[in-house]
Undergrad: 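Dropping a structure here in structure tokens format, bear with me for questions.
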Amino acid sequence: MLKKAHSLILIAVLILAAALAGCSGNTDTASGENGSKKTIKFMHLWPAGSSKQQNQIVTDIIEQYEAEHEDVKIEVEVLENEQYKNKIKVLSSSNELPDVGFTWAAGYMTPFVKGNLFAELDDVLNDGLKESFVSGTTEAYALDGKTYGLPLELNIAPIYYNKEIFEKYDLDVPHTYSEFENAVKTLTDNGVAPIALGNKDRWTGSLWYMYLADRIGGAEVLNKAIDRSGSFEDPALVSAAEEVQNLVKENAFNKGYNGLSNDEGKAEFLNGNAAMYLMGTWELPNFTTNEEIPQDFRENVGFFKFPTVDGGKGNIDSWVGGPGVGLFVAENSKVKDESKEFVKFFVEKWGEQSVEKAGVIPATKVDTGKVDLPELYIDVLNELNKASSLTLFADVQMSASVAETHLNLIQSLFGNEVKPADYAKQHEEALKAEEGN
Amino acid sequence: MNKVLSNKKVIALYITPALFLVLTLIYVPIIQTGYYGLMKWNGIGEMDFIGLKNYKVLMKDALFWKSALHSFSLALFSALSLIGYLFISIILASKIKGADLLRKIYLIPMLLASVAIAQLWMKIYHPSNGMLNTVLVAIGIEDPPAWLADANLALYAIIIPIIWQYAGFYILIYYAALKNIPESLVEAARIDGASPLQIALKIKLPLIMNVIKVTIVLAVVGSLKYFDLIYVMTGGGPNGASEVMASYMYQKAFKGFDFGYASAIGFFLLVICLVVTYIIRRYTAANKDIY
């Protein structure tokens, strides 16, 4: 009995030791040269489930690349948006970023660039790629004159609306804010939620605020407050906050918006409970080509530009939007040259295929003559070409900690828990504190 | 067996692997967290040593104290709910009809993953087509609250599923403890003429007191570091109305890029848990305890 116990323990210890040795073993073989083939690790955030079309294109592009470059293997990891953001942060703190991955522009990207994690991509841009980008898109990925990311999407945010509901209540597409308010009133009087909003995600509410700020104070007022050449306590920014609370008071948004995620808010629009939905053009496939959404509904969706406010400085052709996700190459990648080549290949192919197959607007120029596109898509694209200015999403412009303050304040603004003046003041304080650092 | 356990070599052999694991997987990270808490660090670039500044800021951080208050109310509600669990277990452990089935019913929430529970309750709380509000409208309440979006209600709306989630766990513990009480003791009391209530209060409760103390510590400390349902259901919102210490730490680290500050919160949370555990042990130390 005793002997048996001893040997059992001994075995257990041995197994444990072996397991621990396995843990601390070579982890370096995953990336870099692997026999004669080179492996590029690639992380993206379009899972087949929620972004079917995008996922398909990425898979196609990778297959094409591997076919053309037989010595390169691309190892893909796909994560959903929030998880992607978290994993990237964890990986970067241990300096183990994938060779190629996705990033967002401006404020989001800054700490990665300052931490020397992203490689400069100007050489890729100057290799004939620069001309193909829509002007202004790569700039959002530049810091101190160097470019660290190549944008894939270009987004603007129109207000989509349900034509059927608008017809039923005899409403016209609003061009001025008072017309818009009338529409809201008519809809609420008839028991229809005017606007679908899921503000648990907070940036969704930020879009409304940004537009109101733009229409009241002009395209520069918010940018200036953020880059510190102006102030967040500018009267235009305060009255934009007041306007948000007026909308809340008029019951313009679907019930419980502050506790619903963007997807849940969107569902209110998709099932016809709400008449309007303000969202980026990445939603276009859902209103044009996505087979999972009934065709009747898709044919019923139109869009309009955010109306002008009487006496406001904003132009109706000024948009909230900007480049969406972009590709980065890791600075300490062992296959940097190959990765850069892959990124270039990816951007080119993406530009061709994303339009046709996914119906998203790429950051590279689109030749609409060549392909047969849904009307809604072409209309949005035409509007984009007419755009007088493009204001980058506020939470992307700001540094991470100020963006957090902004997003929380947006939620309390929509929840009527903060007065417009305090809202502006707390923004100003957060921005000032950041500046001091 | 005693002979084996008096052999020092054997003791060392038995303890070393576990000790090694506990030290490297638990204590080293704790020390590291304390160390990071002294840094200004965004998780990516260089760390700057700033001494106790993070802790000083933390002491004056209204949002942190708000989330701490929420954590403590969660702990309070969890501790109070133990009384209910105990009551249920006493009934289940006495021989009533269907006790077996009831025990299984109570246990089922424990078998579900937190995320599934969160999804389930989010559907229940959905402001327009959720089960709860549909019922409320049906019985004539015209404008039922949007539970998770209402700053005054969000925290309580989450506490309910948390309590529901752990009911099975505590009932199971109490049930096992009550079943361990020798039948002869209860029998003797009954012969002496004690009522069922007296048996429960004077015989059963004192005999499982040690288990009750363990569950109080588990419930309170577990509540203080609670995270999952809150993260999935509201993300701490609206505007911090349901933020607890752990979700606030997550916000700071992964959303606000402030790993140094988040580490300080984590370390402080550890200290709070230790202090609370000490206090509970101190004030329930009437008997010799078993843990």
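Per chain, numbering begins at 1; letters A, B, ... match sequence-line order.
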Undergrad: Take atom OH of Tyr156(B) as the centre, draw a 6.0 Å sphere, and report whether it contains more than 12 heavy atoms from other residues, nucleotides or ligands.
TA: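 Result for OH/Tyr156(B): open.
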Undergrad: Tyr250(B) versus chain A, heavy atoms under 4.5 Å apart: side chain, backbone, both or neither?
TA: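 For Tyr250(B), the side chain is the part near chain A, not the backbone.
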Undergrad: Could you report the tightest heavy-atom contact between Ser93(A) and Gly43(B), atom names first, then the distance?
TA: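 Where Ser93(A) meets Gly43(B) most closely, the heavy atoms are CB-O, 2.7 Å.
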Undergrad: Relative to each other, are the rings of Phe257(B) and Tyr108(A) parallel, tilted or perpendicular (30° and 60° limits)?
TA: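 Ring orientation, 0 to 90° scale: tilted.
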Undergrad: Checking Met233(B) against chain A: side chain, backbone, both or neither under 4.5 Å from a heavy atom?
TA: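 The answer is the backbone of Met233(B).
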Undergrad: Using a 3.5 Å distance criterion without hydrogens, assess whether the side chain of Glu404(A) forms a donor-acceptor pair with backbone atoms of Gly256(B).
TA: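 No, because the side chain of Glu404(A) does not come within donor-acceptor range (under 3.5 Å) of the backbone of Gly256(B).
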Undergrad: Using side-chain heavy atoms (C-beta onward) and a distance below 4.5 Å, is Ile44(B) in contact with Lys114(A)?
TA: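 The answer is no, as the side chains (C-beta and beyond) never meet within the 4.5 Å cut-off.
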Undergrad: Within 45 degrees of the ring normal and closer than 6.0 Å to the centroid, is that where the cationic atom of Lys85(A) sits relative to Phe254(B)?
TA: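 Verdict for Phe254(B): no cation-pi partner in Lys85(A).
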Undergrad: Identify which part of Ser128(B) has an atom lying under 4.5 Å from any heavy atom of chain A, answering side chain, backbone, both or neither.
TA: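 Looking at Ser128(B), just its side chain touches chain A.
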Undergrad: Would you please test His126(B) and Leu260(A) for side chain to side chain contact (heavy atoms under 4.5 Å, CB included) and show each step?
TA: CA-CA 8 Å; His126(B) 192 285; Leu260(A) 299 177; 4.0 Å; yes
Undergrad: With respect to chain A, which residue among Ala146(B), Ala154(B), Ala149(B), Gly235(B) yields the maximal number of heavy-atom pairs within a distance under 4.5 Å?
TA: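 With the most close heavy-atom pairs to chain A, the winner is Ala149(B).
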Undergrad: Counting heavy atoms not belonging to Lys419(A), are there more than 12 under 6.0 Å from its NZ?
TA: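 Count not over threshold, so no.
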Undergrad: Side chain, backbone, both or neither: which part of Trp41(B) has a heavy atom under 4.5 Å from chain A?
TA: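 Only the side chain of Trp41(B) comes within 4.5 Å of chain A.
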Undergrad: Using a 6.0 Å cut-off, check whether atom CE of Met59(B) has over 12 heavy atoms from anything other than its own residue.
TA: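 Counting other residues, nucleotides and ligands, CE of Met59(B) exceeds 12 neighbours.
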Undergrad: Just by distance, do the side chain of Lys200(A) and the backbone of Pro238(B) share a donor-acceptor pair under 3.5 Å?
TA: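 Such a contact is absent between Lys200(A) side chain and Pro238(B) backbone.
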Undergrad: Based on non-hydrogen pairs under 4.5 Å, which of Ala403(A), Ser401(A), Ser261(A), Gly415(A) is most in contact with chain B?
TA: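 Between Ala403(A), Ser401(A), Ser261(A), Gly415(A), the count favours Ser401(A).
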Undergrad: By a 4.5 Å heavy-atom criterion (distance strictly below it), what part of Asn42(B) contacts chain A: side chain, backbone, both, or neither?
TA: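 Answer is side chain: those atoms of Asn42(B) sit under 4.5 Å from chain A.
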Undergrad: Between Ser92(A), Pro111(A), Gly115(A), Ser94(A), which shows the greatest number of heavy-atom pairs under 4.5 Å with chain B?
TA: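 Option with the top pair count is Pro111(A).
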Undergrad: Quick test of your reading of the model: are Glu82(A) and Lys255(B) salt-bridged, counting only N-O distances below 4.0 Å?
TA: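 Lys255(B) and Glu82(A): salt-bridged.
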Undergrad: Between Ile410(A) and chain B, which part of the residue has a heavy atom less than 4.5 Å away: side chain, backbone, both or neither?
TA: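 Answer is neither: Ile410(A) stays 4.5 Å or more from chain B.
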Undergrad: Between Val90(A), Asn258(A), Asn86(A), who has the most heavy-atom pairs with chain B when the cutoff is under 4.5 Å?
TA: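 Sorted descending by pairs with chain B, the first entry is Asn86(A).
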Undergrad: Do the side chain of Lys255(A) and the main chain of Pro144(B) share a donor and acceptor less than 3.5 angstrom apart?
TA: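 It does hold such a pair.
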Undergrad: If you round to the nearest 0.5 Å, how far is CG of Leu407(A) from CD of Gln251(B)?
TA: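 Those atoms lie 9.5 Å apart.
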